[in-house]
Amino acid sequence: MGFLVYHTDPLHSDFTAEREELARIGATLRVAHCRTEEELARACKDADGLLTTRVSVGRTALEALPRVRIVVRTGVGYDGLDLLAGTRRKVMMANVPDYCSMEVADHAMALLLSWWRRIGELDAQVRGQGWGAPITPVHRLQGRVLGIVGLGRIGQSVAARARPFGLRLVGFDPYFSKETFAGLDVEALSLEDLLRAADIVSLHAPLTPDTRGIISQRALRLMKPTAVLVNTSRGGLVAMPDLVRAIREGWIAGAALDVADEEPLPPTHPIRALPRVLLTPHAAWYTEEARSELLRSAARIVVQALQGERPDFLLNPEACGPAT
């Protein structure tokens with residue numbers, strides 16, 4: 001029998017792209033609908049490879065999957081993958097970090113512009129009250145300061161899109177040199193100085209133990225009372241109770257969020273009821289083109305690993321060596 005690959009928790013129903021890629025090595029795709037790691041452990045016992053969306057993969061799952069050699073998160077973020085557990089089991093883990101940079105950058109700019117120009121409120125006014133006077137106040141965007149936290153692929157794409165609007169660009173990324181910032185035409189600042197200076201703070205950092213809750217009470221109190229927070233990255237970067245308090249008490253003016261620390265966002269979550277908050281349902285990644293690229297790339301990475309190659313975007317290269 002050939003290789004078996006499971007998609008553990010897909011959000012789509014057409015698996016043509018994955019099956020075409022896996023067919024190159026005679027691998028079979030099976031679809032599960034796992035909500036927890038324990039369900040994954042029971043459903044995928046004979047898996048040689050896993051494609052995952054939201055379900056976590058760690059020690060509990062890996063110890064129940066003796067054949068698995070590769071786990072690929074079908075997305076950019078990989079906080080649901082336990083890299084240490086994977087390395088110990090000599091299971092390679094990867095993500096797909098290069099498939100939706102344009103889409104997320106476009107969405108970040110759409111949120112920024114919609115919030116700044118009060119598009120959602122104006123739309124609701126026209127639909128509910130008919131024509132009326134502009135909602136006030138609205139200030140000119142040109143000359144404002146955009147603070148970009150994380151200057152990877154998406155952060156750089158946001159900078160390129162924002163520059164023609166006349167925004168002054170400042171950024172924070174601890175992995176970039178001042179020379180790199182200069183090459184991007186973005187002023188390098190510490191996180192604290194960026195928060196103090198920015199009229200708009202846009203988050204584009206990965207979720208790691210170091211970045212979880214990076215925007216919490218202390219950070220929000222550094223921001224201008226007229227500033228807006230835009231998050232199209234990972235919900236866990238922001239301490240949501242602190243953000244709710246910050247908007248309620250006027251530490252900042254508002255927020256535009258595509259992600260939350262709990263998804264789906266609960267119907268009773270207090271962020272839903274706040275004024276000057278724009279919400280979208282973790283949709284920044286999506287276009288039909290991006291979805292197709294994502295699914296093919298993820299399956300191609302599985303193929304590489306099962307053929308004995310070092311796969312693209314390997315997150316734990318130690319898994320290819322001796323077990324730790």
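What you are looking at is a predicted structure, and each value in this text was computed from that prediction instead of being measured.
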Legend entry - Distance in Å, Leu278 CG paired with Trp115 CH2, rounded so as to fall on 0.5 Å steps: 10.0 Å
Inset, instruction - Report yes if some heavy atom in the side chain of Leu141 is under 4.5 Å from a heavy atom in the side chain of Arg117; otherwise report no. - result: no
Inset, instruction - For Arg291 and Tyr286, indicate whether the former's side chain and the latter's backbone hold a donor-acceptor pair under 3.5 Å. - result: no
Legend entry - Side-chain donor/acceptor of Glu262 to backbone N/O of Gly235, under 3.5 Å: no
Legend entry - Asp258 and Thr280 side chains, donor-acceptor separation under 3.5 Å: yes
Legend entry - Side-chain donor or acceptor of Asp98 paired with backbone N/O of Ser101 under 3.5 Å: no
Inset, instruction - Give a yes or no answer on whether the side chain of Asp48 reaches the backbone of Val5 with a donor-acceptor pair at less than 3.5 Å. - result: no
Inset, instruction - Measure up the Phe176 and Phe181 rings against each other and bin them: parallel (under 30°), tilted (30 to 60°), perpendicular (over 60°). - result: perpendicular
Legend entry - Residues Arg218, Glu192: salt bridge by 4.0 Å N-O rule: yes
Inset, instruction - Say whether Thr208 and Asp210, considering side chains only, have a donor N or O and an acceptor N or O under 3.5 Å apart. - result: no
Legend entry - Ionic contact status for Arg67 with Asp46, cut-off 4.0 Å: no
Inset, instruction - Check whether any side-chain N or O of Ser157 sits under 3.5 Å from a backbone N or O of Met102 as a donor-acceptor pair, and report yes or no. - result: no
Inset, instruction - Flag the pair Arg296 and Glu20 as a salt bridge only when some basic side-chain nitrogen lies within less than 4.0 angstrom of an acidic carboxylate oxygen. - result: yes
Inset, instruction - Measure the CZ-CG distance between Arg161 and Leu146 for me, rounded to the nearest 0.5 Å. - result: 13.0 Å
Legend entry - N-O pairing of Arg245 and Asp242 below 4.0 Å: no
Inset, instruction - Compare all side-chain heavy atoms of Ile215 with those of Leu195 and state whether any distance is below 4.5 angstrom. - result: yes
Inset, instruction - Say whether, by atom type as modelled, one donor and one acceptor occur between the side chain of Glu21 and the main chain of Ala299 under 3.5 angstrom. - result: no
Legend entry - Main-chain N/O of Arg310 paired to Gln304 side chain as donor or acceptor, under 3.5 Å: no
Inset, instruction - May I ask you to check whether Asn316 and Thr87 show a side-chain donor-acceptor distance below 3.5 Å? - result: yes
